[in-house]
S.K.: 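Before anything else, here's the structure in question.
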Amino acid sequence: MSHELEKLILRLETRVRQLIMQEENLRKEQERLQKQLNEKDDEILNLQIQNEELKQQYRHLKMAKYIDMADDDVKDMRSRIRTMVHDIDRCISMLKVTQ
């Protein structure tokens, strides 16, 4: 073989080794990125679940507030009715006294 051919083969071998190393590095990088992507997907899923749970809690709190408000309205209405009944009784008493 000629000297030029040997140099060319050596350069080719060197380049092939470099490409193999580069391919290995890229494969490792791809695996790392894929792992990172899977972790992010899991994190997104967990956050979506947490978001749904928080929405459900918010709906429950809102409903509890409405129920509490309704209870306050009932208490207020009962108080007003008691006051009206008391006033009516007083008026009836006053009418009986004047007859």
Side-chain angles (χ1 to χ4, degrees):
M1 275 200 258
S2 74
H3 185 63
E4 285 295 317
L5 186 59
E6 287 178 13
K7 282 176 82 175
L8 187 61
I9 291 174
L10 186 61
R11 279 181 36 198
L12 181 63
E13 285 176 349
T14 304
R15 185 67 183 135
V16 168
R17 283 189 193 110
Q18 288 174 346
L19 287 173
I20 290 172
M21 287 175 56
Q22 187 177 9
E23 188 268 338
E24 287 176 15
N25 289 336
L26 287 173
R27 188 177 314 190
K28 287 177 184 178
E29 178 70 9
Q30 181 185 14
E31 288 173 4
R32 185 187 68 77
L33 289 173
Q34 187 63 43
K35 182 180 177 184
Q36 186 178 7
L37 179 63
N38 291 338
E39 289 171 357
K40 294 298 180 185
D41 286 343
D42 290 343
E43 184 179 349
I44 288 171
L45 181 62
N46 289 334
L47 288 172
Q48 287 173 335
I49 291 169
Q50 184 181 5
N51 186 29
E52 285 303 314
E53 289 172 355
L54 290 172
K55 284 180 181 178
Q56 186 66 26
Q57 288 177 1
Y58 175 72
R59 285 192 290 270
H60 290 167
L61 286 172
K62 202 160 68 168
M63 188 178 298
K65 181 179 176 187
Y66 288 138
I67 290 170
D68 188 42
M69 287 174 62
D71 286 347
D72 288 343
D73 289 345
V74 168
K75 289 175 185 176
D76 185 47
M77 188 60 72
R78 284 182 182 168
S79 174
R80 291 167 82 191
I81 290 172
R82 264 192 236 111
T83 303
M84 289 171 60
V85 168
H86 179 69
D87 289 346
I88 291 171
D89 286 345
R90 199 166 27 113
C91 288
I92 291 173
S93 296
M94 290 172 70
L95 286 172
K96 284 183 181 178
V97 169
T98 57
Q99 287 179 352

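Heavy atoms only: backbone and side chains are in, while hydrogens, waters and symmetry mates are out.
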S.K.: With the threshold set at 4.0 Å, does a side-chain nitrogen-carboxylate oxygen contact exist between Glu29 and Arg32?
M.R.: yes
S.K.: Can you tell me how far the CD atom of Glu39 sits from the CD atom of Gln34, to the nearest 0.5 Å?
M.R.: 11.0 Å
S.K.: How long is the gap from NE2 on His3 to CG on Leu5, to the nearest 0.5 Å?
M.R.: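 Atom-to-atom, His3:NE2 and Leu5:CG are 11.0 Å apart.
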S.K.: Got a second to check how far Lys62's NZ is from Lys55's NZ, nearest 0.5 Å?
M.R.: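 It comes to 12.0 Å.
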S.K.: Are side-chain heavy atoms of Gln56 and Arg59 found at a separation under 4.5 Å?
M.R.: yes
S.K.: Under the rule for side chain to side chain donor-acceptor pair (under 3.5 Å), what residues qualify as partners of Arg90, not counting sequence neighbours?
M.R.: Asp87
S.K.: To the nearest 0.5 Å, what is the distance between OG1 (Thr83) and CD1 (Ile88)?
M.R.: 11.0 Å
S.K.: I need the Leu47 CG to Asp42 CG distance, nearest 0.5 Å.
M.R.: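 Separation between the atoms: 11.0 Å.
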S.K.: Is any side-chain heavy atom of Leu10 closer than 4.5 Å to a side-chain heavy atom of Lys7?
M.R.: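 Sidechains of Lys7 and Leu10: no contact.
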S.K.: Take Gln50 and Leu54, measure what side chain to side chain contact (heavy atoms under 4.5 Å, CB included) needs, and give me the verdict at the end.
M.R.: CA-CA 6 Å; Gln50 184 181 5; Leu54 290 172; 4.2 Å; yes
S.K.: Do Asp41 and Leu37 come within less than 4.5 Å of each other through their side chains, counting heavy atoms only?
M.R.: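 Contact flag for Asp41/Leu37 side chains = yes.
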S.K.: Going through the distances and angles, do Leu8 and Glu4 end up as a side chain to side chain contact (heavy atoms under 4.5 Å, CB included)?
M.R.: CA-CA 6 Å; Leu8 187 61; Glu4 285 295 317; over 6 Å; no
S.K.: To the nearest 0.5 Å, tell me how far Ile44 CD1 sits from Asn51 CG.
M.R.: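 Separation between the atoms: 12.5 Å.
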S.K.: Does the side chain of Leu26 reach to within under 4.5 Å of the side chain of Gln30, using non-hydrogen atoms?
M.R.: no
S.K.: Of all residues at least two apart in sequence or in a different chain, which pass the side chain to side chain donor-acceptor pair (under 3.5 Å) check with Arg17?
M.R.: none
